[in-house]
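A short write-up of the structure that comes next.
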Amino acid sequence: MAEAKAPHRRGGFTADGSAGTSAETGLRYEVDGEIATITLDRPDKRNAQTFATWSELARIGDSLPEQVRVVVVRGEGPSFSAGIDLRMFTPEGVPGQGSFGSAARLGAASFEQTVRQAQQGFLWLRRPEIVSIAAVHGHAIGAGFQLALACDLRIVADDVKFCMKEPALGLVPDLTGTKPLVELVGLAKATDICLTARIVEADEALRIGLAERVVTRDELADAVRDKTTELLSTNRDAAAATKRLLQGAAGRTLEEQSAAERAEQAARFKALFGGAS
């Protein structure tokens with residue numbers, strides 16, 4: 001695979017406004033035809049995330065090639081991601097990126113914009129035109145858990161340990177993870193997971209719907225590859241239309257969903273067989 005290179009946009013989280021170097025972001029990004037792979041690549045830090053990580057994730061989403069249909073998110077080393085880089089809790093923070101303390105001193109509008117920018121690195125993984133797969137092993141804590149939740153599918157190794165750590169640190173999960181967690185496991189179970197900050201291991205993750213499949217660590221890459229092949233076997237436009245229907249279903253009545261199905265099917269018929277516009 002050839003590593004995709006693109007200039008960093010301005011407006012990130014570092015002191016000079018850039019997204020930071022590859023070492024600072026802790027990400028590798030590769031595109032091979034219809035498949036993009038994002039690798040969290042700070043194994044010595046268990047792939048801890050920083051402001052620059054989130055800015056780079058957003059940049060990847062902004063520049064994703066049109067031909068990409070499947071995005072795989074994985075972690076290098078012993079863990080998927082141990083969550084927030086703990087330096088962000090110190091007065092010094094992460095060099096060139098500041099700290100939570102410096103963020104707390106921002107005005108209300110600036111603080112909201114900072115969080116909004118971070119969230120953009122997670123939101124794009126739900127786009128209808130792609131399917132995102134989190135290949136999760138080892139620790140997926142806090143921001144790592146939320147990154148896995150941002151993906152459409154989660155295939156996990158049998159050593160996985162999910163944990164929503166933020167409430168134990170005095171924070172709330174704000175990287176778009178609360179909605180998919182409730183949708184996947186229900187309000188009561190999501191409340192239990194978040195407010196106890198307990199570990200959810202592989203067998204429970206499969207049972208409650210957090211994981212689509214559990215495999216051994218050695219089998220994880222092959223399992224993700226097999227799922228990617230299955231996803232690419234369907235018609236691209238029909239897959240995107242179906243994902244739009246599924247994503248909107250919870251917010252519609254049955255009549256509204258039926259109407260949405262008719263509209264999407266009309267577009268598919270016209271695309272495949274022609275007909276009046």
Notebook entry, point to check: Tell me the side chain to side chain donor-acceptor pair (under 3.5 Å) pairs involving residues 201-212, sequence neighbours left out?
Noted result: Arg198-Glu204
Notebook entry, point to check: Does any non-hydrogen side-chain atom of Gln146 lie less than 4.5 Å from one of Met164?
Noted result: yes
Check: Would you find a donor on one side and an acceptor on the other, under 3.5 Å apart, between the side chain of Arg154 and the backbone of Ala148?
Finding: yes
Note to self: For Leu27 and Thr39: C-alpha separation, side-chain torsions, deciding distance, then whether side chain to side chain contact (heavy atoms under 4.5 Å, CB included) applies.
What the structure shows: CA-CA 6 Å; Leu27 294 177; Thr39 301; over 6 Å; no
Checklist line | Smallest separation among heavy atoms of Val185 and Ala190, with atom names | finding: CG2-N, 3.6 Å
Check: Under 3.5 Å, is there a donor-acceptor pair between the side chain of Ser79 and the main chain of Ser81?
Finding: no
Checklist line | Sidechain-backbone polar pair: Thr53 side chain, Thr25 backbone, donor-acceptor under 3.5 Å | finding: yes
Next item on the list: For the pair Gln113 (side chain) and Ser110 (backbone), establish whether a donor and an acceptor sit closer than 3.5 Å, ignoring hydrogens and angles.
Entry: no
Notebook entry, point to check: Can you find a pair of side-chain heavy atoms, one from Leu64 and one from Tyr29, that are under 4.5 Å apart?
Noted result: yes
Checklist line | Under 3.5 Å donor-acceptor, Gln247 side chain and Arg126 backbone | finding: yes
Item checked: Nearest non-hydrogen partners of Leu57 and Gly121, listed with the distance -> CB-O, 3.5 Å
Margin query: So, taking the atom named OG1 in Thr37 and the one named CZ in Arg28, what distance separates them when rounded to the nearest 0.5 Å?
Written below: 9.0 Å
Item checked: Ile133 to Lys227 - nearest heavy-atom pair and separation -> CD1-CG, 4.0 Å
Notebook entry, point to check: Given side chains that start at C-beta, do those of Val72 and Ile38 come closer than 4.5 Å, heavy atoms only?
Noted result: no
Next item on the list: Kindly indicate whether the side chain of Thr242, heavy atoms from C-beta on, has any atom under 4.5 Å from the side chain of Leu246.
Entry: yes
Next item on the list: Not counting sequence neighbours, which residues clear ring pair (Phe, Tyr, Trp, His ring centres under 6.0 Å) with Phe89? List them please.
Entry: Phe100
Check: Cluster question for you: counting only ILVMFWY and a side-chain heavy-atom cut-off of under 4.5 Å, with indirect links fine, are Leu171 and Leu86 together?
Finding: yes
Check: If you look at every heavy atom in Gly33 and Val68, which pair is closest and at what distance?
Finding: O-CG2, 4.1 Å
Next item on the list: Give a yes or no on whether Phe162 and Leu169 share a hydrophobic cluster (residues Ile, Leu, Val, Met, Phe, Trp, Tyr; joining criterion: side-chain heavy atoms under 4.5 Å apart).
Entry: yes
Notebook entry, point to check: Is there side-chain contact between Val136 and Val73, with heavy atoms separated by less than 4.5 Å?
Noted result: no
Note to self: Keeping Glu34 on the side-chain end and Leu232 on the backbone end, is there a donor-acceptor pair under 3.5 Å?
What the structure shows: no
Next item on the list: Consider only side-chain N and O atoms of Gln119 and Thr176, and report whether a donor and an acceptor are under 3.5 Å apart.
Entry: no
Note to self: What verdict does the side chain to side chain contact (heavy atoms under 4.5 Å, CB included) test give for Phe269 and Gln265, after you've listed the backbone C-alpha separation in whole Å, the side-chain angles of each residue and the deciding distance to 0.1 Å?
What the structure shows: CA-CA 6 Å; Phe269 267 58; Gln265 194 71 302; 3.7 Å; yes
Next item on the list: Answer yes when Glu76 and Arg74 have at least one side-chain N-carboxylate O distance shorter than 4.0 Å, and no when they do not.
Entry: yes
Item checked: Under the ring pair (Phe, Tyr, Trp, His ring centres under 6.0 Å) test, residues paired with Phe80 that sit two or more places apart -> none
Check: CE of Met88 to OG of Ser99: how many Å apart, nearest 0.5 Å?
Finding: 8.5 Å
Check: With hydrophobic residues grouped by side-chain heavy-atom distances under 4.5 Å, do Leu40 and Leu123 end up in a single group?
Finding: no
Margin query: According to a hydrophobic-cluster definition based on side-chain heavy atoms being under 4.5 Å apart (Ile, Leu, Val, Met, Phe, Trp, Tyr only), do Leu184 and Leu195 belong together?
Written below: no
Check: Are Arg252 and Ser258 close enough that a side-chain donor and a side-chain acceptor fall under 3.5 Å?
Finding: no
Next item on the list: With rounding to the nearest 0.5 Å, note down the distance linking CG in Leu175 to CZ in Phe145.
Entry: 13.0 Å
Notebook entry, point to check: What closest approach, in Å, do Arg127 and Asp62 show between heavy atoms, and which atom pair accounts for it?
Noted result: NH2-N, 4.1 Å
Check: Could you give the distance from CD1 (Ile141) to CZ (Arg46), rounded to the nearest 0.5 Å?
Finding: 10.0 Å
Next item on the list: Please step through side chain to side chain contact (heavy atoms under 4.5 Å, CB included) for the pair Gln49 and Ile84, ending with a clear verdict.
Entry: CA-CA 5 Å; Gln49 300 176 37; Ile84 298 168; 5.9 Å; no
Note to self: Regarding Thr216 and Glu219, do their side chains bring together a donor and an acceptor under 3.5 Å, going by distance alone?
What the structure shows: yes
Notebook entry, point to check: Taking the side chain as C-beta and beyond, is there a heavy-atom pair between Lys189 and Leu181 under 4.5 Å?
Noted result: no
Check: Is it true that Arg116 and Glu112 make a salt bridge, defined as a side-chain N closer than 4.0 Å to a carboxylate O?
Finding: yes
Check: Side chains of Glu264 and Glu261: does their closest heavy-atom pair fall under 4.5 Å?
Finding: no
Check: Got a salt bridge between Glu92 and Arg87, using NZ or NE/NH1/NH2 to carboxylate O under 4.0 Å?
Finding: no
Margin query: With a 3.5 Å distance limit and no angle check, can you tell me whether Asp159 reaches the backbone of His137 through a side-chain donor-acceptor pair?
Written below: no
Checklist line | Any donor-acceptor N/O pair, Lys243 side chain to Ile130 backbone, under 3.5 Å | finding: yes
Next item on the list: Examine distances only and state if a side-chain atom of Thr228 and a backbone atom of Val224 form a donor-acceptor pair shorter than 3.5 Å.
Entry: yes
Check: If we ignore angles and hydrogens, is there a donor and acceptor under 3.5 Å between the side chains of Ser132 and Asp152?
Finding: yes
Note to self: Give me the atom names and distance for the closest heavy-atom approach of Thr178 to Pro173.
What the structure shows: CG2-O, 3.8 Å
Item checked: Any donor-acceptor N or O pair under 3.5 Å, side chains Gln117, Trp54 -> no
Next item on the list: List the steps and the verdict of side chain to side chain contact (heavy atoms under 4.5 Å, CB included) for Asp237 and Arg268.
Entry: CA-CA 8 Å; Asp237 294 330; Arg268 298 307 312 132; 3.5 Å; yes
Note to self: Are the side chains of Cys151 and Leu153 in contact, using a 4.5 Å heavy-atom criterion?
What the structure shows: no
Margin query: Between Leu206 and Leu210, is there shared hydrophobic-cluster membership here, with clusters defined by ILVMFWY side-chain heavy atoms closer than 4.5 Å?
Written below: yes
Next item on the list: Enter the distance from Leu147:CG to Asn47:CG here, rounded to the nearest 0.5 Å.
Entry: 10.0 Å
Item checked: Rounded distance (nearest 0.5 Å) linking atom CG of Asp226 with atom CZ of Arg213 -> 6.5 Å
Note to self: Are more than 12 heavy atoms, taken from residues, nucleotides or ligands other than Lys45, located less than 6.0 Å from that residue's NZ atom?
What the structure shows: no
